[in-house]
Amino acid sequence: MGYAALHIRKPKGNDSGTTAHIERKVNPENADAERSHLNRELIEFPDGVDNRTEAIQHRIETAGITRKISHVQVRALQVMMTGTPEDMQRIQKEGRLDDWCKDNIEWMQSTFGKENVVSAVLHMDEKTPHIHGTVVPIVTGENRKAREKKKKDEPGKRKYRKKTTDTVRLCADDVMTRKNLELFQDTYAEKMAKYGLRRGIRGCDARHISKQEFNRDLAIKKNKLEKEVENVEAILQDKQQEVSATEQKLVRLDKSIRKEELKSKTVDTAIKVVEKVGSLVYDSKGKEYQKQIRQLSDSLVLKEQTIVSLRTKLENAHEDYRKQIGKKDAEIKAKDNEIAVRAFVFPFHDVFARMFDFLYKIGIKGETLRKLFKFEPVRLSGKLYSNEFRRDYSAENATARLDFRPTEKRLDFLIDDKTHVQWFREKHRQNMPEWEKKLEQKREEPKGMKLG
């Protein structure tokens with residue numbers, strides 16, 4: 001079962017860039033222009049409204065807002081809805097994509113109000129089908145900050161009559177509260193459950209990376225891979241030079257053998273001539289001729305032995321050459337395979353390597369480390385080192401495991417179902433004096449809201 005993905009953003013400044021992307025006034029690098037005709041708007045615009053930008057303005061003008069809208073106010077929330085790529089492709093193959101779109105629109109309208117959902121565009125020209133929804137954050141009732149301030153007012157304190165605050169307002173902050181964001185994730189996951197999609201891990205610190213960050217990481221990986229290819233090419237050149245030198249040695253050895261064979265033939269001819277002369281002419285020099293024949297015969301035997309030795313050396317050299325060539329070919333093939341495999345699983349290789357180094361540095365080794373990478377839960381008792389606080393913290397019978405999410409290319413180390421960052425910080429706070437805890441709490445108070 002895959003995950004349902006819901007991202008809600010408050011765009012800063014002019015929202016025209018988002019409109020250009022959604023309506024394909026510009027062509028993104030990751031989009032297939034030949035499939036752009038499959039994209040479609042799922043919300044019908046009011047009469048006289050032709051696009052998303054006009055729909056946002058039309059809702060603001062017709063909502064009954066009496067207060068002046070500041071130029072820095074957020075006029076529209078960006079809502080992106082999709083799922084795990086494999087599950088979205090499965091939903092499309094099963095012919096359920098239209099039903100999925102319909103349920104997404106129903107969830108948006110029931111969550112934010114039907115009139116506030118002014119646009120929803122289905123994109124089919126990218127790798128994973130997804131919907132870009134646009135919500136104008138129209139709310140009614142008293143301002144959230146005013147309500148909180150009223151709760152803090154001292155009992156018996158004199159109250160002054162103020163203007164009514166139960167009016168229609170444009171306020172993204174009242175929509176994007178922490179409680180609401182968690183509720184949005186829960187209700188959206190419930191709506192998507194029938195498509196085999198579930199809610200993400202509650203409290204997970206994973207974040208949605210921007211296109212610029214993705215392209216930057218991709219460029220870094222590409223450069224690393226190109227450097228590895230350059231190293232392999234350098235190794236190939238070195239091996240080719242070694243092969244060329246070996247071939248030259250073999251050529252010189254062949255010339256030496258041919259020269260020795262020629263000398264041997266000359267000696268053999270001389271012996272035959274002497275024997276013939278000795279048989280035709282017998283005089284007092286016969287013994288001298290016989291001595292010369294023996295010397296020539298010994299020389300011939302020596303030359304033949306030299307030839308045999310040289311031939312053996314030549315065969316051995318050829319055999320060594322073939323072995324070297326085979327070995328170098330195997331090394332080159334293995335390196336090519338390694339590069340191909342690393343190029344295919346590159347993100348996972350880096351993720352697991354970094355996690356191994358991290359676990360080793362904080363003090364997890366041996367059998368415990370092996371079980372963790374088999375994705376088995378383990379019990380931890382002892383000291384764990386925090387690089388953030390540069391000290392050891394005690395773990396007493398804590399449960400630890402690795403959480404691997406390949407679709408997000410993420411590997412987390414969890415201790416008692418908390419990320420290692422959360423666990424170390426809680427340990428750190430337990431050892432802090434009260435005054436420092438209060439100071440730390442004040443410093444960590446959230447200034448903005450994120451998805452739950």
Side-chain angles (χ1 to χ4, degrees), residues 221-346 348-350 352-353 356-357 360 365-367 369-370 373:
K221 294 175 183 178
K222 180 181 177 183
N223 291 335
K224 291 176 66 176
L225 196 59
E226 287 177 349
K227 288 181 180 178
E228 291 187 1
V229 172
E230 290 176 358
N231 293 336
V232 172
E233 291 178 348
I235 293 173
L236 283 174
Q237 291 179 356
D238 294 340
K239 301 308 177 185
Q240 289 174 353
Q241 291 177 357
E242 292 180 9
V243 170
S244 178
T246 304
E247 289 177 344
Q248 292 177 1
K249 290 180 181 179
L250 289 175
V251 170
R252 290 195 295 269
L253 189 57
D254 285 338
K255 290 181 180 180
S256 176
I257 290 174
R258 286 196 295 270
K259 185 176 181 181
E260 293 297 331
E261 288 178 342
L262 182 59
K263 289 181 179 180
S264 177
K265 290 180 180 179
T266 303
V267 172
D268 188 36
T269 302
I271 291 173
K272 290 180 180 179
V273 170
V274 172
E275 288 178 345
K276 186 174 182 180
V277 171
S279 63
L280 295 175
V281 182
Y282 180 77
D283 53 16
S284 59
K285 294 185 178 180
K287 293 182 179 181
E288 184 178 349
Y289 293 149
Q290 291 178 357
K291 183 179 179 181
Q292 292 179 1
I293 290 172
R294 285 194 298 272
Q295 291 176 348
L296 290 171
S297 297
D298 293 340
S299 177
L300 178 61
V301 171
L302 182 61
K303 296 297 181 183
E304 289 177 349
Q305 291 176 349
T306 302
I307 291 173
V308 171
S309 177
L310 289 173
R311 287 190 180 279
T312 302
K313 290 182 179 180
L314 179 61
E315 291 176 359
N316 292 337
H318 276 292
E319 183 65 24
D320 291 341
Y321 173 72
R322 285 192 293 270
K323 289 181 179 179
Q324 290 179 8
I325 293 298
K327 184 177 180 181
K328 301 308 177 186
D329 289 342
E331 291 177 356
I332 293 170
K333 186 176 181 180
K335 195 65 178 178
D336 289 341
N337 290 336
E338 179 185 349
I339 291 175
V341 172
R342 290 187 66 184
F344 181 71
V345 296
F346 195 88
F348 303 132
H349 174 273
D350 285 354
F352 278 85
F356 181 88
D357 292 340
Y360 195 86
K365 303 176 182 178
E367 183 65 16
L369 191 62
R370 186 183 69 81
F373 276 95

List the atom of F373, the atom of F352, and the distance in Å for their closest heavy-atom pair.
CE2-CD2, 3.6 Å
Run the side-chain contact (heavy atoms from CB on, under 4.5 Å) test against [X] and tell me which residues pass, sequence neighbours left out.
X	value
Q248	S244, R252
Q324	T246
I325	V243, Y321, D329

To the nearest 0.5 Å, what is the distance between [atom1] on [X] and [atom2] on [Y]?
X	Y	atom1	atom2	value
K303	L310	NZ	CG	10.0 Å
H318	R322	NE2	CZ	7.5 Å
I235	K328	CD1	NZ	10.0 Å
I307	L314	CD1	CG	12.5 Å

CZ (R370) with more than 12 external heavy atoms under 6.0 Å:
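For R370, atom CZ is crowded (more than 12 foreign heavy atoms under 6.0 Å).
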Stepwise side chain to side chain contact (heavy atoms under 4.5 Å, CB included) test for S309 and Q305:
CA-CA 6 Å; S309 177; Q305 291 176 349; over 6 Å; no
